[in-house]
Amino acid sequence: MTQFDGELSPPFEIVEPANWRAPIIFNSPHSGSVYPAEFLSASRIDVTALRRSEDSFMDELIAGLSDRGFPMVRVHFPRSYVDVNREPYELDPRMFNGRLPSFANTRSMRVAGGLGTIPRVVGDGQEIYRERLDVDDALTRIEALYKPYHRALRRLINKAHQTFGTVILVDCHSMPSIGISREEPRRPDVVVGDRYGTSCATILAEVVEDTFGGLGYSLGRNKPYAGGFITEHYGNPASGLHAIQIELNRAIYMDERRRERTARFDQIAADFTVLADALAKIPLDSLGPFQAAAE
């Protein structure tokens, strides 16, 4: 990883408590804001435009949870550089000089939208790069940043699973207050994503909604965000592996245009501790692993 030393050192961070209170991991994969110099020089847009893809300050909203016995994972590199919430090789061949590996997924909907593992566009659709990248550059980013992050996250999940018999991964994101499409209705304060009931036990989504709803937040489920690669990949409820995504409307905690925290920021951070406490009260035996019924 020598090419990133000094700029992205470390590329991500795991803040693990001395004593785990419950098998609940809070993850912020899209709040990274350390932009490598070579990335900025290759971009046709400035850092202000690049930052529109960030889940700005989401890692700060959950940072205090490690003091309460819940591990927290945060990524320092920006999602516009490498997106860890994608398959490892969701790549657009039109972006690169050279041939992609035969196993690359070049036909996913995310690639078509310009939002693959190495994104072509930022959140509002602006093209990122002046010219094509070398394939080796993309593969180096994946080997040096993407894969170590997922290895570390997997180790943390396995540790919780082996210790407690089950694990809950809470994948924390934020969304623009207004969608690109004018037809899209006003977005709620919080969207809970459980991949339409496949990535976690029903009780988890219910507790998240009941907690935020009781605190006065407006809610949505799975629309417009049902959960990405992380939620889908790590969620296996039958094995006691639960993953749930939370999308927070940016307008409730920050000025989206100025990218500044608003007066409500500290209260929302406190509300995440309420959520963590509520999740910790769920009986572990209700979360599996579950044995398949006999034929």
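For reference, positions follow the sequence shown, starting with 1.
You'll find the side chain of Pro36 reaches within 4.5 Å of the side chain of Leu8, heavy atoms only. Put simply, the side chain of Asp171 reaches to within 4.5 Å of the side chain of Pro29, judged on heavy atoms. A heavy-atom distance below 4.5 Å is not found between the side chains of Arg68 and Phe272. Side-chain contact between Ser80 and Ile128 is present, with heavy atoms from C-beta onward closer than 4.5 Å. Contact annotation: the side chain of Ser56 never approaches that of Glu256 to less than 4.5 Å [non-hydrogen atoms, C-beta and beyond]. Residues Leu204 and Leu287 have side chains in contact (heavy-atom distance under 4.5 Å, counting atoms from C-beta outward). Arg51 has its side chain within reach of Ser33: a pair of non-hydrogen atoms, C-beta onward, lies under 4.5 Å apart. Proximity of Leu115 to Asp83: side-chain heavy atoms (C-beta onward) are nowhere separated by under 4.5 Å.
Shown here for Val121 and Gly113, the closest heavy-atom pair between the two residues is CG2-O, 3.6 Å. Between Pro237 and Gly235, the shortest heavy-atom contact is CD-C, 3.8 Å. When every heavy atom of Ala243 is checked against every heavy atom of Ser199, the shortest pair comes out as O-OG, 2.6 Å. Listed here is the closest heavy atom pair of Ser53 and Gly123: OG-N, 2.8 Å. Nearest heavy atoms, Tyr234 versus Leu241: O-CB, 3.6 Å.
Glu127 CD to Arg44 CZ: the interatomic distance, rounded to the nearest 0.5 Å, is 6.0 Å. Taking NE2 from His242 and CG from Asn236, the interatomic distance works out to 9.0 Å, rounded to the nearest 0.5 Å. Between the CD1 atom in Ile142 and the OH atom in Tyr89 there is a gap of 5.5 Å [rounded to 0.5 Å]. Note that CE of Met72 is 15.0 Å distant from CD1 of Ile24, once rounded to the nearest 0.5 Å. We find the OG1-CG distance between Thr211 and Leu219 to be 10.0 Å, quoted to the nearest 0.5 Å. Taking CZ of Phe103 as the start and CG of Leu91 as the end, the distance is 9.0 Å to the nearest 0.5 Å.
Although no hydrogens or angles enter the test, the distance criterion places no donor-acceptor pair under 3.5 Å between the side chain of Arg86 and the main chain of Arg110. In terms of modelled atom types and a separation under 3.5 Å, the side chain of Thr117 and the main chain of Glu90 share a donor-acceptor contact. Side chain of Asp92 to backbone of Arg94: a donor-acceptor contact under 3.5 angstrom is found. With hydrogens and angles ignored, the 3.5 Å screen pairs no side-chain donor or acceptor of Thr163 with any backbone N or O of Ala160. Not one N or O on the side chain of Ser218 forms a donor-acceptor pair closer than 3.5 Å with the backbone of Pro188.
Screening Leu156, Leu169, Val15 against Val73 for a side chain to side chain contact (heavy atoms under 4.5 Å, CB included) leaves a single residue, Leu156.
No salt bridge links Arg79 with Glu54; every basic N to acidic carboxylate O contact stays at or beyond 4.0 Å. Salt-bridge annotation for Arg141 and Asp137: present, with a side-chain N of the basic residue lying under 4.0 Å from a carboxylate O of the acidic one. Under a 4.0 Å N-O distance rule, the pair Asp277/Arg21 qualifies as a salt bridge. Salt-bridge check for Glu16 with Lys159: passed, with a basic side-chain N closer than 4.0 Å to an acidic carboxylate O.
Residues Phe12 and Tyr146 place their aromatic rings such that the two centres sit no closer than 6.0 Å.
A parallel orientation is assigned to the rings of Phe229 and His233, their planes being inclined by less than 30° (bins at 30° and 60°). Using cut-offs of 30° and 60° for the angle between ring planes, the Trp20 and Phe164 rings count as tilted.
A side-chain donor from one of Asp271 and Tyr217 sits under 3.5 Å from a side-chain acceptor of the other. If you check the side chains of Glu87 and Ser108, you find no donor sitting under 3.5 Å from an acceptor. Tyr253 and Ser174 form a side-chain donor-acceptor contact under 3.5 Å, judged by distance and modelled atom types alone.
Partners of Arg250 according to the salt bridge (charged side-chain N to carboxylate O under 4.0 Å, His left out) rule, which considers only residues two or more places apart in sequence or in another chain, are Asp55.
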Report task. Decide yes or no on side-chain contact (heavy atoms from CB on, under 4.5 Å) for His173 and Gln245, but give the supporting numbers first. Result -> CA-CA 7 Å; His173 298 259; Gln245 179 173 286; 3.7 Å; yes
Requested in this report: For side-chain contact (heavy atoms from CB on, under 4.5 Å), just list the numbers for Tyr149 and Asn27, CA-CA rounded to whole Å, side-chain angles, deciding distance to a tenth of an Å, and then say yes or no.
Outcome: CA-CA 11 Å; Tyr149 161 81; Asn27 181 46; 2.9 Å; yes
Requested in this report: Check the pair Val135 / Arg99 against side-chain contact (heavy atoms from CB on, under 4.5 Å), numbers first and verdict last.
Outcome: CA-CA 7 Å; Val135 164; Arg99 186 183 296 273; 6.0 Å; no
Report task. Evaluate the criterion side-chain contact (heavy atoms from CB on, under 4.5 Å) for residue pair Val192 and Asn222; output intermediate values, then yes/no. Result -> CA-CA 6 Å; Val192 179; Asn222 289 321; over 6 Å; no
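Applying the salt bridge (Lys or Arg N to Asp or Glu O under 4.0 Å) test to every pair with at least one member in residues 188-206, sequence neighbours left out, gives these pairs: Asp194-Arg221, Arg195-Glu232. Every pair passing ring pair (Phe, Tyr, Trp, His ring centres under 6.0 Å) that includes a residue from residues 36-64 is listed here, sequence neighbours excluded: Phe39-Tyr81, Phe39-Tyr129.
Neither Leu61 nor Met175 shares a network with the other; the hydrophobic side chains, linked directly or stepwise wherever heavy atoms of I, L, V, M, F, W or Y lie under 4.5 Å apart, form separate groups for each.
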